[in-house]
Amino acid sequence: MPATITEPARQIPLYGEYEVAVLGGGPAGIAAAVAAARAGRRTLLIERYGFLGGMGTAAGVTNFCGLHANVFGTAHRVVQGVASDLLARIDRLGGLNAPHLILGKIYAQAYDTAAYKIAADDLLGAHKVDILFHALGAGVVMDGSRIDALMVETKAGRQAVRAGVFIDCSGDGDLAAWAGAPYEVGDNAGSMLFPSMMLRLNGIDPEKAGDAWRTIPVLMEKAVAAGTHTFPRKGAIVRPQKSGIEWRVNFTQLAREDGSAVNGLEPDQMTRGEIEGRRQAQQAFEFLRTVPGFEKSYIVDLPPQLGIRETRRVVGGYMLSGEDVLGCASFEDSIGVNGWPMEQHVAGDVVFKFPPIPESRGFNELPYRMLVPEGVDNLLMAGRCASMTHEGQSAARVSGACFAMGEAVGAAADLALAGNTIPRDIAVEKLQQTLKQQGAFIGRDQSVPEGL
Ligand SMILES: Cc1cc2nc3c(=O)[nH]c(=O)nc-3n(C[C@H](O)[C@H](O)[C@H](O)COP(=O)(O)OP(=O)(O)OC[C@H]3O[C@@H](n4cnc5c(N)ncnc54)[C@H](O)[C@@H]3O)c2cc1C
């Protein structure tokens with residue numbers, strides 16, 4: 001047992017009382033806050049950084065996956081709703097790429113992080129969401145099985161936020177864990193999807209680089225075979241951003257000394273992971289400078305934090321599984337869909353597993369039950385900490401599904417408050433109807449949206 005000290009009890013100022021409070025401003029939190037505020041709910045979004053976007057900006061991801069699905073051999077954008085509004089705003093700022101094909105099977109869409117941050121501010125502003133930046137959620141005060149208040153640490157000291165419904169979009173299930181909801185961590189055997197330190201290079205000659213995203217993995221294999229290099233993983237993703245002189249580099253992999261993944265919940269491991277991540281980024285850069293077109297490149301950005309793919313997965317009424325993803329499962333309580341395949345970041349490699357293409361419809365539905373935790377009455381969760389198995393999470397953790405889940409919990413919070421009930425007991429048909437009316441695609445009997 002580590003040594004402990006006793007902190008004296010103290011009075012905490014009440015920052016505010018809200019109808020809905022959302023912890024975390026990644027894709028799930030953005031969509032949740034917009035959906036709740038759009039329904040007329042006084043909504044607060046709390047974020048530890050000074051900008052929105054979650055891993056998409058804070059970890060430098062710069063690429064949306066899961067907006068599209070390969071439906072019987074044809075690509076469709078299956079995540080709409082709030083995501084469409086956000087994408088249009090990023091596009092108006094000139095920060096959105098055209099969708100690009102991955103592995104010849106599925107589309108992703110790159111964006112500029114500055115445009116994402118500005119567009120997300122605008123989107124939340126347009127819907128009158130209150131935002132509290134630079135506030136780290138740090139604990140809860142419970143009233144039986146309800147959360148009475150969320151504690152946040154700010155430069156002005158500790159403050160409390162009260163709300164009728166709380167939504168955990170922290171990615172790590174922080175709020176759910178403090179409230180006592182059950183959760184699993186990673187593969188339940190001490191590891192999880194491996195984190196990566198992203199980087200972006202500038203100063204590339206786009207003509208000369210051509211489609212180097214194809215040749216770089218081959219050059220890496222040759223370098224390993226020749227014994228000149230070792231790399232932390234296979235399957236590097238190096239692709240151009242909107243301006244072809246800038247490329248994103250997803251190349252690194254962070255392990256502990258025993259070979260298991262760095263744990264995003266452990267401060268000492270995160271500290272080591274950040275430093276080792278930057279070291280690996282420099283190594284990746286030195287290799288990439290040898291690729292034609294990259295000779296004059298330089299590292300233009302290392303993001304604010306190490307990219308964390310998986311930590312806690314909160315246990316809800318249903319856990320979305322790998323079989324659900326590969327089998328394109330349907331659910332009566334569907335609130336949205338996931339078209340991204342399983343993408344498992346395992347030791348030294350990245351393994352993709354797709355539903356049958358072109359024989360299947362290429363997406364699974366997402367049941368409302370995966371957003372409602374066990375044991376806590378006024379809490380919902382969305383995003384990568386929603387109720388999924390380790391395998392299911394390797395697919396539905398990407399931005400597209402997180403937007404869809406977020407939009408659903410925001411609307412569900414409104415219905416719970418309107419019906420004076422708890423989120424677990426709302427009429428799901430009403431939620432489905434609301435989502436459809438607001439432009440979301442939830443699967444079921446809806447026709448699949450056309451186009452990219
Ligand atoms: C290296 C890497 C590459 C990836 N590549 C892609 C890709 O190409 N395309 C894609 O779509 N997805 C990709 N992903 C996955 C995707 O980025 C995430 O799974 C997705 O962002 C999850 O969304 P979220 O809203 O659930 O959580 P997050 O994006 O993690 O957002 C959570 C937010 O909550 C905040 N927060 C957390 N805890 C607290 C707290 N206690 N108090 C206050 N705020 C808090 C965080 O600062 C963050 O802003 C990648 C992930 C990584 C790590």
Side-chain angles (χ1 to χ4, degrees), residues 21-33 45-68 79 83 100 102 106-111 116-117 120 132-140 150-154 161 167-178 192-199 237 239 248-254 261-262 264-265 273 277 303-314 338-340 343 345 350 381-386 388 393-406 409:
V22 179
L23 183 67
I30 290 171
L45 185 147
I46 299 150
E47 167 56 50
R48 70 177 144 171
Y49 293 122
F51 53 86
L52 300 167
M55 291 301 123
T57 50
V61 165
T62 61
N63 186 44
F64 292 128
C65 295
L67 295 170
H68 302 88
V79 175
H100 61 278
I102 306 261
I106 188 94
Y107 279 88
Q109 193 159 14
Y111 55 83
Y116 187 175
K117 290 177 189 173
L132 181 61
F133 280 143
H134 298 296
L136 178 72
V140 290
L150 166 64
M151 300 304 185
V152 297
E153 295 290 353
T154 73
V161 173
I167 304 181
D168 189 342
C169 293
S170 67
D172 295 322
D174 286 359
L175 176 49
W178 298 322
M192 47 205 84
L193 296 182
F194 281 70
S196 298
M197 173 66 75
M198 295 288 295
L199 62 147
I237 304 164
R239 306 270 323 202
R248 68 181 172 284
V249 181
N250 185 341
F251 204 106
T252 66
Q253 184 177 88
L254 281 308
V262 160
L265 301 173
Q305 75 151 88
L306 177 62
I308 298 298
R309 293 186 169 87
E310 181 190 20
T311 54
R312 296 188 193 96
R313 294 173 286 95
V314 184
N338 164 58
W340 196 248
E343 183 192 324
H345 288 254
V350 186
M381 67 270 181
R384 65 184 172 84
C385 61
M388 306 181 253
Q393 199 264 8
S394 76
R397 69 189 167 86
V398 296
S399 312
C402 293
F403 283 123
M405 291 185 237
V409 289

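Whatever order the structure lists them in is the order used to number ligands and atoms, beginning at 1.
Checked by atom type, the side-chain pair Ser196/Arg309 shows a donor-acceptor distance below 3.5 Å.
A side-chain donor-acceptor contact under 3.5 Å links Thr252 to the backbone of Met197. Counting only distance, with no hydrogens or angles, the side chain of Thr57 and the backbone of Lys117 share no donor-acceptor pair below 3.5 Å. A donor-acceptor pair under 3.5 Å is formed between the side chain of Glu47 and the backbone N or O of Gly25. Under a 3.5 Å cut-off, the side chain of Arg48 and the backbone N or O of His134 do not form any donor-acceptor pair. Under the 3.5 Å distance criterion, the side-chain polar atoms of Asp168 are matched with a main-chain donor or acceptor of Leu175.
For Cys402, the closest heavy-atom approach to ligand 1 falls below 4.0 Å. Residue Gly25 places a heavy atom less than 4.0 Å from ligand 1.
Polar contact check, Ser399 against ligand 1: a nitrogen or oxygen pair lies under 3.5 Å apart. Any N or O atom pair closer than 3.5 Å counts here, and Asn250 shares no such pair with ligand 1. Residue Val398 has no nitrogen or oxygen atom sitting less than 3.5 Å from a nitrogen or oxygen atom of ligand 1, judged on distance alone.
In this comparison of Gly406, Gly24, Cys169, the heavy atom closest to atom 32 (C) of ligand 1 sits on Cys169. Between the choices Leu193, Leu136, Asn63, the shortest heavy-atom distance to atom 10 (C) of ligand 1 belongs to Asn63. With distances taken over non-hydrogen atoms, the option nearest atom 1 (C) of ligand 1 out of Arg309, Met405, Met381, Glu310 is Arg309. The closest non-hydrogen atom to atom 23 (O) of ligand 1, taken over Ala401, Pro27, Gly383, Gly26, comes from Pro27.
With sequence neighbours excluded, the residues satisfying side-chain hydrogen bond (donor to acceptor under 3.5 Å, both in side chains) with Glu310 are Arg313, His390. Take Arg397 and apply the salt bridge (Lys or Arg N to Asp or Glu O under 4.0 Å) test, not counting sequence neighbours, and it matches Glu343.
For the pair Ile106/Trp340, a side-chain contact is recorded, criterion being any heavy-atom separation below 4.5 Å from C-beta on. You'll find the side chain of Val152 reaches within 4.5 Å of the side chain of Leu132, heavy atoms only.
Every atom of ligand 1 is numbered from 1 in the order shown, and the set under 4.0 Å from a heavy atom of Tyr49 is 47 (O). Of all atoms in ligand 1, listed by their number and element, those nearer than 4.0 Å to a heavy atom of Leu23 are 42 (N), 43 (C). Near Gly54, meaning under 4.0 Å from any of its heavy atoms, are these atoms of ligand 1: 29 (O), 31 (O), 48 (C), 49 (O). In the vicinity of Phe64, heavy-atom distances shorter than 4.0 Å reach the ligand 1 atoms 9 (N), 11 (O). Taking a cut-off of under 4.0 Å to the non-hydrogen atoms of Ser196, the atoms of ligand 1 that pass are 1 (C).
Protein heavy atom closest to atom 28 (P) of ligand 1, with residue, atom name and distance, is Met55 N, 3.8 Å. Nearest non-hydrogen protein atom to atom 19 (O) of ligand 1 is Arg397 O, 2.6 Å. Summary of contacts: the protein heavy atom closest to atom 53 (C) of ligand 1 is Gly307 C, 3.1 Å. Protein heavy atom closest to atom 6 (C) of ligand 1, with residue, atom name and distance, is Val61 CG1, 3.2 Å. Atom 26 (O) of ligand 1 has its closest protein heavy atom at Arg384 N, 2.8 Å. Nearest protein heavy-atom neighbour of atom 25 (O) of ligand 1: Ala28 N, 3.1 Å. Ranking protein heavy atoms by distance to atom 41 (N) of ligand 1, first place goes to Asp174 OD2, 2.9 Å. The protein non-hydrogen atom at the shortest distance from atom 37 (C) of ligand 1 is Ser170 O, 3.2 Å.
In terms of heavy-atom proximity, Leu193 sits nearest to Ser394 at CD1-CA, 3.9 Å. Taking every heavy atom of both residues into account, Ala110 and His100 meet most closely at N-CE1, 4.1 Å. For Pro304 against Ala58, the heavy-atom pair with the smallest separation is CD-O, 3.1 Å.
Counting heavy atoms under 4.0 Å from ligand 1, residue Ala135 touches it through the backbone alone. Contacts with ligand 1 closer than 4.0 Å are made by no heavy atom of Trp340, backbone or side chain. Of the heavy atoms in Ile308, only backbone atoms (N, CA, C, O) come closer than 4.0 Å to ligand 1.
Taking CG of Asp174 as the reference point, atom SG of Cys385 lies at 8.5 Å (rounded to 0.5 Å).
The aromatic rings of Phe64 and Tyr116 sit perpendicular, their planes meeting at an angle over 60°, well past the 30° parallel limit.
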